[in-house]
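To start, the structure under review is shown below, and the notes come after it.
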There are 2 protein chains.
Amino acid sequence: MGINDRKEREKEELRSLILAAARSLFLEKGVEKTSIRNIADKIEYSPGIIYHYFKDKNEIFHSLHQEGFLQLLGKMKVLGTVENPLERLKAMGKIYMSFAKENPDMYDLMFIKEAPIDHIAHHKEEDWKEGNNTFSFLRSTVQECIDIGNFKGHDVEALTYMIWSTVHGMVSLRIRGRCEAIYFENQDTIMEEAYLSFTKILDSF
Amino acid sequence: MGINDRKEREKEELRSLILAAARSLFLEKGVEKTSIRNIADKIEYSPGIIYHYFKDKNEIFHSLHQEGFLQLLGKMKVLGTVENPLERLKAMGKIYMSFAKENPDMYDLMFIKEAPIDHIAHHKEEDWKEGNNTFSFLRSTVQECIDIGNFKGHDVEALTYMIWSTVHGMVSLRIRGRCEAIYFENQDTIMEEAYLSFTKILDSF
DNA sequence: TTGGAATGTTAAACACTGTTTAATTACATT
DNA sequence: AATGTAATTAAACAGTGTTTAACATTCCAA
C-alpha cells in the first residue's frame with residue numbers, strides 16, 4: 001500500500017504545515033489575532049481546508065499548547081542533576097518562571113487561555129494529560145521533600161497545589177498586566193524578590 | 001439651566017441603562033459572548049448609540065470591573081472587627097477566595113481578562129487605582145503582621161505580592177479550568193485544603 | 001484506456017463581530 | 001415658524017469562525 005502511505009505522508013505534511021503557520025502567527029500576534037484566514041493565507045490554501053485537518057480553531061491551539069509542554073519538559077531536564085529534593089523543588093520553580101518569562105504567549109496558552117481546555121472539555125474521552133503529567137512531576141518532588149522530613153503535617157496534594165498556585169499566580173498576574181499596573185518600589189525585580197520570599201519560606205518549615 | 005440639567009440627567013440615565021444591560025448580559029454569558037448589538041437590543045436602541053457613551057467595548061467592561069471592586073471591598077468590611085493582623089490577613093484570603101467562588105465571571109474580569117487593563121493602558125493618564133487600593137490594603141495588613149513580629153527577614157512588598165499570587169493562583173487555575181482538569185483525590189475540597197496549607201505556613205513563620 | 005468512485009480543495013455563503021460614517025430625527029432657542 | 005444643535009439611527013466597512021455545495025484531482029477496477 002505504498003500509495004496510501006504517500007497519501008498519509010502528504011496529509012500529515014499539510015497538517016504540520018497548518019500547525020507551523022499557526023505557530024508562527026500565534027507567536028507574533030497571539031491567539032485571538034491569529035485567524036483561520038491568516039493561517040490559510042500563510043500556507044496559500046483556502047480557509048476551508050483547515051477544517052479537514054482540525055475540528056476547529058481550538059483544536060489547532062490545543063496542538064500548539066502540547067508543544068509548549070514539550071518545551072517546558074525540555075527545560076526541566078536539568079533537574080535530574082539536583083539530588084536534594086528541596087533544592088530540586090526550588091530550582092523547578094525558577095525554571096517554571098523563566099519559561100513563563102521567555103514564552104509569555106505560550107505560557108498564557110498553556111495555563112490561562114480557555115482555548116486548549118475548552119477543546120478537551122468538548123471531547124469527553126480525552127483528558128489534560130499534559131497538565132496531569134506536569135502536576136504529577138511536581139507532586140512527586142514534594143513527596144520526596146516530605147519523605148526526608150520537610151513540610152511536616154502537610155498533605156502532599158494540597159501543598160503541591162498551593163506551590164503551583166503561588167508560582168502560577170506570580171507569573172499570570174504579570175502576563176495579564178496586573179503586576180505592571182501596581183506601583184511597586186522596584187517593579188522589575190518584584191517577581192524575583194517575591195519568589196525569594198517564597199523559597200525562604202519553603203526552607204524554613 | 002433646568003433644561004440642561006434634565007438633559008444631563010437623561011444622558012446619565014442612558015449611560016447607566018447601557019451599563020445595566022451590559023452587566024446582566026455579562027453575568028449570564030461572559031464578556032466575549034456579550035456583543036455591542038446584544039446590549040443595544042436589550043435597551044432597545046441602535047448599536048451606534050453606545051459609542052456616544054463609551055469609547056469602546058473595553059471601556060464598558062472597565063466600568064463593570066470597577067463595580068466588582070466595590071463588591072469585593074464591601075465583603076472586606078467585616079475585617080474591621082478582627083484585631084489581630086495575622087488573623088485578619090488569613091480572613092482576608094478567605095473572603096477573597098469566596099468572592100472569586102461566588103462571582104467567578106467578575107473575578108475573571110477583575111484579575112484575568114485583558115479588557116479592563118487594556119483600557120487603562122490605552123489611556124496613559126489614568127491608572128489602575130482599584131487594583132492599587134486593594135493591594136495597598138493587603139500590604140498594610142502584612143506590614144502590621146511584621147510590626148508585631150511576624151514574617152521576620154521578609155520584605156513587605158515582595159511578601160505581599162507572594163501572598164496575593166498564592167490566592168490568585170489558586171482561584172484563577174480553577175476559574176480557567178486547570179484545577180478541574182487535574183485528577184485530585186478530592187477535587188471539590190482541594191482549594192480549601194490548599195488554603196489551609198497556606199495559612200498553616202503563615203502561622204508558623 | 002476509460003468510467004466511476006473517492007478524495008482533496010475551493011468559492012461562496014451564513015451569521016456573526018466591533019466600529020465608523022453620514023444621514024436623519026428631535027428638540028430648545030431665536 | 002425657522003434655525004441651529006444635539007441625540008439617534010441605518011448602513012456600511014472590514015473583519016471573524018464555520019458550513020455548504022460545487023469543483024478538481026487522483027486512484028483503481030473493468
Side-chain angles (χ1 to χ4, degrees), chain A residues 1-19 21-22 25-26 28-64 109 113-116 118-119 121-123, chain B residues 1-19 21-22 25-26 28-64 109 113-116 118-119 121-123:
Chain A
M1 286 291 121
I3 286 161
N4 282 343
D5 283 5
R6 198 211 62 211
K7 286 203 145 188
E8 197 62 43
R9 273 204 311 280
E10 280 175 1
K11 202 168 161 106
E12 270 308 309
E13 239 166 65
L14 188 43
R15 195 191 145 91
S16 52
L17 212 65
I18 294 169
L19 274 179
L25 287 168
F26 156 68
E28 71 174 63
K29 317 198 297 177
V31 174
E32 268 75 35
K33 294 194 168 176
T34 298
S35 73
I36 297 292
R37 282 175 182 80
N38 289 162
I39 299 170
D41 277 359
K42 189 137 200 164
I43 60 173
E44 296 176 301
Y45 275 80
S46 79
I49 199 68
I50 290 168
Y51 290 89
H52 283 88
Y53 294 85
F54 295 92
K55 200 199 144 285
D56 55 21
K57 198 183 169 184
N58 276 351
E59 191 169 73
I60 298 173
F61 287 101
H62 176 258
S63 262
L64 288 183
L109 186 61
K113 283 253 149 62
E114 7 231 18
D118 273 5
H119 174 258
H122 293 350
H123 292 74
Chain B
M1 287 289 121
I3 287 163
N4 281 346
D5 283 5
R6 199 212 60 210
K7 286 202 147 191
E8 196 62 42
R9 274 204 312 278
E10 281 176 0
K11 205 172 157 104
E12 269 308 309
E13 239 167 64
L14 188 44
R15 196 191 145 90
S16 53
L17 211 64
I18 293 169
L19 273 179
L25 286 169
F26 155 68
E28 70 173 64
K29 317 199 298 178
V31 174
E32 269 77 34
K33 294 195 169 177
T34 298
S35 72
I36 297 292
R37 281 174 183 82
N38 290 163
I39 299 170
D41 276 0
K42 189 138 199 161
I43 60 172
E44 295 176 300
Y45 276 79
S46 78
I49 199 68
I50 290 169
Y51 290 89
H52 283 89
Y53 294 84
F54 296 92
K55 200 200 142 284
D56 55 20
K57 198 184 168 183
N58 276 350
E59 191 169 74
I60 299 174
F61 286 102
H62 176 258
S63 261
L64 288 183
L109 186 60
K113 283 252 148 63
E114 8 232 14
D118 273 6
H119 174 259
H122 293 351
H123 292 74

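First the proteins, then the strands, lettered A, B, ... as listed; each starts at 1.
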Partner of A:Tyr45 by side-chain contact (heavy atoms from CB on, under 4.5 Å), out of A:Leu14, A:Ile39, A:Ile18: A:Leu14
Judged by each residue's nearest nucleotide on DNA chain C, which is more toward the 5′ side, A:Ile49 or B:Thr34? A:Ile49
Please give, in whole Å, the distance from [N] [atom2] to [X] [atom1]?
X	N	atom1	atom2	result
B:Leu17	D:dT8	CG	P	11 Å
A:Tyr51	C:dT10	OH	P	15 Å
A:Asn58	D:dT18	CG	P	7 Å
A:His52	D:dA21	NE2	C1'	11 Å
B:Tyr53	C:dG18	OH	P	19 Å
B:Ile36	C:dT19	CD1	P	6 Å
A:Ile50	C:dG8	CD1	P	16 Å
A:Lys57	C:dT17	NZ	C1'	12 Å

Short side-chain N/O contact from B:Ser35 to OP1 or OP2 of C:dT17, under 4.0 Å: yes
Salt bridge present between A:Glu32 and A:Lys57 (N-O < 4.0 angstrom): no
With a 3.5 Å cut-off and no angle check, do the side chains of B:Lys33 and B:Asn38 form a donor-acceptor pair? no
Distance-only donor-acceptor test (3.5 Å): side chain B:Arg37, base C:dG18: yes
Assign the ring pair A:His62 / A:His119 to parallel, tilted or perpendicular, where the plane angle (0 to 90°) is split at 30° and 60°. tilted
